[in-house]
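So you know, we letter chains A, B, ... as the sequences are listed, proteins then strands, and number each from 1.
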Protein chains: 2
Amino acid sequence: MSTKGNMTRNKLMDIAERRILQKGFSATSIEDIITEAGISKGGFFYHFEGKDDLAYALMQRYREQDAFLFSGLFRRAEELLDDPLQQMLLFIKLLAEMMDQLEDLHPGCLVASFTYESHEVNDQVKAITADSVMDWRQLFSDQLNKVHQHYPPKLDVNTTDLADLLSTVIEGGIVVSRAIGDKKLLVRQLLEYRNYIRLLYEA
Amino acid sequence: MSTKGNMTRNKLMDIAERRILQKGFSATSIEDIITEAGISKGGFFYHFEGKDDLAYALMQRYREQDAFLFSGLFRRAEELLDDPLQQMLLFIKLLAEMMDQLEDLHPGCLVASFTYESHEVNDQVKAITADSVMDWRQLFSDQLNKVHQHYPPKLDVNTTDLADLLSTVIEGGIVVSRAIGDKKLLVRQLLEYRNYIRLLYEA
DNA sequence: TGGTTACTGTACTCCAGGTTCAGTTTTCGG
DNA sequence: CCGAAAACTGAACCTGGAGTACAGTAACCA
């Protein structure tokens with residue numbers, strides 16, 4: 001796992017991810033990446049077949065990391081609390097706290113990057129990007145369904161839309177936060193989402 | 001205003017905007033644009049000093065169009081209703097209806113495009129992008145402030161964050177909607193935002 | 001110690017993209 | 001209908017990036 005080759009591969013992916021989030025996919029050149037990594041072009045093509053292959057690998061890793069992160073936070077919430085609504089509210093709070101600890105602006109989200117440059121990536125990358133969003137929907141709506149079964153919502157809502165709203169707030173919060181250079185905006189938006197859930201389900 | 005030169009300029013901008021929203025800024029080449037416009041390269045550089053100049057002109061126009069659109073919807077809401085809360089709710093509904101009438105996926109938002117490729121555009125473009133978001137904040141929070149004065153919110157919120165949440169839901173809704181190819185998602189997310197406002201302020 | 005893994009370095013092709021400019025056509029006011 | 005200003009054309013220039021090919025080398029590890 002942590003052979004020399006894997007370390008270099010990960011390093012290349014780290015650099016690529018950061019640059020893509022900053023500059024976009026097509027503006028990120030292989031030249032850029034290998035210069036920062038201190039590796040030769042041949043070295044790059046030893047690890048990846050090309051830019052498309054790199055994009056796919058990045059999205060795949062991103063998806064796994066996200067799933068790990070979110071399910072970790074849910075598990076933590078379940079450890080601490082029994083009530084599904086309180087778990088959900090805590091989950092959002094934990095997520096907001098994580099975002100709060102970033103000293104810089106949120107680096108961005110690969111899903112958004114590839115979505116806004118969808119004509120530049122192949123169908124496999126598009127597909128896994130969509131899968132990633134569907135993962136979030138599944139994860140969030142699973143918890144919201146538990147809430148839904150225990151508490152009558154104040155308004156007629158469905159849990160899929162509510163789940164998507166969290167993805168929406170995260171993606172939108174990143175964009176707006178970066179656009180006006182306000183580090184804490186994303187956190188505040190997450191807490192607005194939390195308010196909405198409270199108003200919907202709390203007695 | 002509608003001299004031949006202006007018509008060509010607008011045509012170039014229309015094509016550029018559509019392509020940038022689809023493929024991103026740096027992936028959109030001048031070659032692309034002029035081919036579709038049926039004009040020569042020299043012709044392009046007669047109208048714009050370069051790509052940066054084009055980006056700035058696009059963002060400027062976008063900002064004006066947005067302001068026109070949003071304030072138009074607010075005026076319509078004011079014509080039809082007197083109560084500020086009901087006006088706000090109607091505004092969101094009108095906005096959602098507009099989005100609903102798009103037969104395709106939402107084309108995207110230039111603010112998001114330039115934000116995710118901020119390293120590719122100059123400081124002027126970054127500045128006007130931020131200004132555009134601040135316009136939305138101003139416009140939305142003006143109305144929300146009126147609501148706030150008439151109705152006690154159920155939870156402690158500030159109108160700036162609430163205003164930003166609408167921008168967030170729009171930007172995020174576009175991303176998520178496009179990522180999974182669901183045309184109606186953005187509309188549904190806007191109605192979730194509307195729900196939140198209702199729960200916050202309605203008796 | 002020797003084979004596999006992980007590279008380096010160079011050299012090359014091909015093409016796309018941004019930019020410039022001298023010259024040509026079109027438009028339109030007088 | 002003339003001439004200047006506006007609106008282009010077309011070709012050339014240069015850079016840079018994706019990808020290829022491959023021979024040689026160093027590091028790792030069984």
Side-chain angles (χ1 to χ4, degrees), chain A residues 1-59 113-114 117-125, chain B residues 1-59 113-114 117-125:
Chain A
M1 276 300 116
S2 70
T3 61
K4 196 187 173 207
N6 269 321
M7 279 185 57
T8 306
R9 188 183 158 91
N10 283 327
K11 189 177 177 184
L12 288 170
M13 287 174 73
D14 290 343
I15 295 168
E17 183 174 312
R18 185 160 28 82
R19 298 235 174 206
I20 288 170
L21 292 174
Q22 277 174 4
K23 318 202 303 176
F25 179 61
S26 59
T28 300
S29 66
I30 295 174
E31 208 78 30
D32 269 358
I33 298 166
I34 62 176
T35 302
E36 186 179 336
I39 201 181
S40 68
K41 217 169 188 180
F44 177 90
F45 280 94
Y46 175 78
H47 287 288
F48 302 99
E49 288 174 23
K51 247 188 141 184
D52 280 353
D53 186 36
L54 170 67
Y56 187 76
L58 281 176
M59 200 56 230
S113 288
F114 288 141
E117 287 184 274
S118 59
H119 284 237
E120 291 301 296
V121 297
N122 63 26
D123 288 346
Q124 279 188 11
V125 175
Chain B
M1 274 301 118
S2 68
T3 61
K4 194 186 174 209
N6 268 321
M7 278 186 58
T8 307
R9 189 183 157 92
N10 283 329
K11 189 176 177 186
L12 288 170
M13 287 174 74
D14 290 344
I15 295 167
E17 184 174 310
R18 184 160 27 83
R19 299 235 173 204
I20 288 171
L21 292 174
Q22 277 173 5
K23 319 202 306 175
F25 179 61
S26 59
T28 300
S29 66
I30 295 174
E31 201 79 39
D32 270 357
I33 299 166
I34 62 173
T35 302
E36 188 179 336
I39 201 181
S40 68
K41 243 173 188 183
F44 175 90
F45 280 92
Y46 173 78
H47 288 287
F48 303 99
E49 287 175 23
K51 247 187 140 183
D52 280 353
D53 187 36
L54 170 66
Y56 187 77
L58 280 177
M59 199 56 230
S113 287
F114 288 141
E117 289 185 274
S118 59
H119 282 237
E120 290 300 296
V121 298
N122 65 26
D123 288 346
Q124 279 189 13
V125 175

Close N or O pairs between protein and nucleotides 11-19 of chain D (under 3.5 Å):
from	atom 1	to	atom 2	distance (Å)
D:dA18	OP1	A:I30	N	3.3
D:dA18	OP2	A:I30	N	3.0
D:dA18	N7	A:K41	NZ	3.2
D:dG19	OP2	A:K51	N	3.3
D:dG19	N7	A:K41	NZ	3.2
D:dG19	O6	A:K41	NZ	3.4

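- Under a 3.5 Å cut-off, the side chain of A:E117 and the backbone N or O of A:G24 do not form any donor-acceptor pair.
- Scanning for side-chain hydrogen bond (donor to acceptor under 3.5 Å, both in side chains) contacts around B:E17 gives B:R61, with sequence neighbours left out.
- To the nearest 0.5 Å, the span separating CD1 on A:I33 from CZ on A:R19 amounts to 8.0 Å.
- Summarising the geometry, the separation between CZ on B:F48 and C1' on D:dC8 is reported as 14 Å, rounded to the nearest angstrom.
- The distance from atom NZ of A:K11 to atom P of C:dC7 is 10 Å, rounded to the nearest whole Å.
- Between A:H47 and C:dA6, a side-chain N or O to OP1/OP2 separation shorter than 4.0 Å is absent.
- At its two ends the helix from C:dT1-D:dA30 to C:dG30-D:dC1 runs along axes set 30° apart, each axis drawn from five pairs and the angle rounded to 10°.
- Between B:E36 atom CD and B:I34 atom CD1 the span is 12.0 Å, to the nearest 0.5 Å.
- Heavy atoms only, all atoms of each residue included: B:I39 and B:F44 are closest at CD1-N, 4.4 Å.
- The distance from the OG1 atom of B:T8 to the CE atom of B:M13 is 13.0 Å, given to the nearest 0.5 Å.
- Nearest approach of A:A27 to A:D32, heavy atoms of both residues: O-OD2, 4.0 Å.
- Counting only heavy atoms from C-beta outward, the side chains of A:V121 and A:M59 never approach each other to under 4.5 Å.
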Let me check something: any side-chain donor-acceptor pairs from residues 49-58 of chain A under 3.5 Å, sequence neighbours excluded? List them with distances.
from	atom 1	to	atom 2	distance (Å)
A:K51	NZ	A:F25	O	3.1
A:K51	NZ	A:T28	O	2.9
A:D53	OD2	A:E49	N	3.0

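- Contact record, B:H47 with B:R9: O-NH1, 3.1 Å, taken as the closest heavy-atom pair.
- The side chain of B:T8 contributes an N or O atom lying less than 4.0 Å from OP1 or OP2 of D:dC8.
- At the phosphate of C:dA6, OP1 or OP2 sits under 4.0 Å from a side-chain N or O atom of A:Y46.
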Which atoms of nucleotides 25-27 of chain C (N or O only) lie under 3.5 Å from a protein N or O atom, and what are those distances?
none

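- In this structure A:E120 satisfies the side-chain hydrogen bond (donor to acceptor under 3.5 Å, both in side chains) test with no other residue, sequence neighbours excluded.
- If you measure from atom CG of A:N6 to atom P of C:dT4, you get 19 Å, rounded to the nearest angstrom.
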